[in-house]
Amino acid sequence: MSDAMSIERFIRPELAAFKGYAACKSPDVIGKKLGIPPSSVVKLDANENNYGPSPRVSAALGACGAYNIYPDAAQAELRELLAGYTAMPPETIAAGAGCDQLIELLIKLFCAPGDEIINLPPTFPMYRFYAELHGVRVIDVSRDADFQFDTASVRQAVTPKTKLIMLANPNNPTGTLTTKETIIELAETGMPLVVDEAYYEFTGESAIPLMASYPNIMVLRTFSKWAGLAGLRVGYGVFPAYIACRLHAVRDPYNVNASAIVAVRESLADVDYLMGNVRKIVAERERLSGELVKIRWLKPHPSHANFILCDVLEGDARELQAALEERGILVRYYADQRLKNCLRLSVGRPEENDALIAAFKEIGR
Ligand SMILES: *Cc1c(COP(=O)(O)O)cnc(C)c1O
């Protein structure tokens, strides 16, 4: 076929060099490579919940006979359930195929190409991903050595093109919690402020109560981390009612699938069980952190979520990640300049965390 027939030149030029998201590896692929079953891979690389979903979820998924029907485009039951969980009115709630989809919807709703968002790196890479995908400029206000940021610098970064400030709280991948006072200072800029509370259940601290006084605050949540539903893709947000209404207008009508709705229903009927697992993860986080401190060449940062960011003080973090992978243990490595000597370790079940510690000790010998 001649080059003249190639369709490559028709794609949007600005996306020709778009790199995509460096997602974590699948345990199937790693298991096959190592010759072990995928279930023996110790997966500590994506902040998933290794206790899994509520047992009510798999039972109800099997029993639900309505998969041939499109889910309710109005999200009526879902919003009712989430209203109960958040104690906010249903008209302030919109759900998505993961919190990720809501991040993209907010960028699409607020930002035209050439507009700007303020980002507080190191942070969740999907803010940059969606901004760049939609031709939106990312203005970085970097966090300091303790991963805190200066609200005066954020204020200075605001321009007439600024449309959103993105704050992950607790922050991923650092585990840092931003105080209520700092969130108020960000809100006082008057800019639309997205507070991404993907790890809310691990801290219990939320910006939702601030929404009454600061109508520019929007809060995002997910079922991926605390409820163990990462694979079903379901998240939600609490917004001023007008914004929720606009999000419903621009989202795909069936964005949350039928099985995800079943899973939310069952999870919210089993909150005590799930929060029991959250408490176990928090206790394990503290135990794991205590063990990591004892390893001379590792320095864990304090975390308010279900993972620990750890400095690798000697040797190469990327090589350490590879050495763990050879032992069937997956952890997260970031190529970016600021985090290149770090690993992010998700907190697993006790035996998985023990395996991680044992592997560190063996590698370090
Ligand atoms: C994991 C994570 C998300 C993504 O949540 P999904 O519901 O799985 O899309 C969003 N924000 C932050 C900060 C996260 O760590």
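Read the numbers this way: they start at 1 and go in the same order the structure lists the ligands and their atoms.
For the salt bridge (charged side-chain N to carboxylate O under 4.0 Å, His left out) test, residues two or more places apart in sequence or in another chain that qualify with Glu132 are Arg128.
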Would you tabulate the side-chain donor-acceptor contacts of residues 66-74 under 3.5 Å, counting partners in other chains and residues two or more places apart, or write 'none'?
unit_1, atom_1, unit_2, atom_2, d
Tyr67, OH, Leu61, O, 2.7
Asp72, OD1, Ala74, N, 2.9
Asp72, OD2, Gln75, N, 3.4
Asp72, OD2, Ala76, N, 2.8

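In this structure, Asn47 has no heavy atom closer than 4.0 Å to ligand 1.
The aromatic rings of Phe124 and Tyr127 stand perpendicular to each other, their planes meeting at an angle above 60°, with 30° marking the opposite boundary. Below 30°, between 30° and 60°, or above 60°: for Phe18 and Phe129 the angle between ring planes is between 30° and 60°, a tilted geometry.
The protein heavy-atom contact nearest to atom 11 (N) of ligand 1 is Asp196 OD2, 2.6 Å. When hydrogens are left out, the protein atom nearest atom 4 (C) of ligand 1 is Asp100 OD1, 3.3 Å; that is the closest non-hydrogen contact.
For the pair Arg287 (side chain) and Ala283 (backbone), a donor-acceptor distance under 3.5 Å is absent.
Annotation for ligand 1: atoms under 4.0 Å from non-hydrogen atoms of Arg233 are 6 (P), 8 (O), 9 (O). Near Lys225, meaning under 4.0 Å from any of its heavy atoms, are these atoms of ligand 1: 1 (C), 2 (C), 3 (C), 4 (C), 14 (C), 15 (O). Near Gly98, with a cut-off below 4.0 Å to any heavy atom, the atoms of ligand 1 are 6 (P), 7 (O), 9 (O). Those atoms of ligand 1 with a heavy atom of Tyr199 less than 4.0 angstrom away are 1 (C), 14 (C), 15 (O).
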| request: May I have the step-by-step check of salt bridge (Lys or Arg N to Asp or Glu O under 4.0 Å) for Asp115 and Lys163, ending in yes or no? | output: CA-CA 7 Å; Asp115 282 342; Lys163 295 294 167 67; 2.7 Å; yes

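With respect to Arg155 and Glu188, no salt bridge is recorded, no charged nitrogen being found less than 4.0 Å from a carboxylate O.
Contacts with ligand 1 closer than 4.0 Å are made by side-chain heavy atoms of Asn172 only, the backbone lying farther away. Under 4.0 Å from ligand 1, the heavy atoms of Ser224 that appear belong solely to its side chain.
The distance criterion of under 3.5 Å between nitrogen or oxygen atoms is met by Cys99 with respect to ligand 1.
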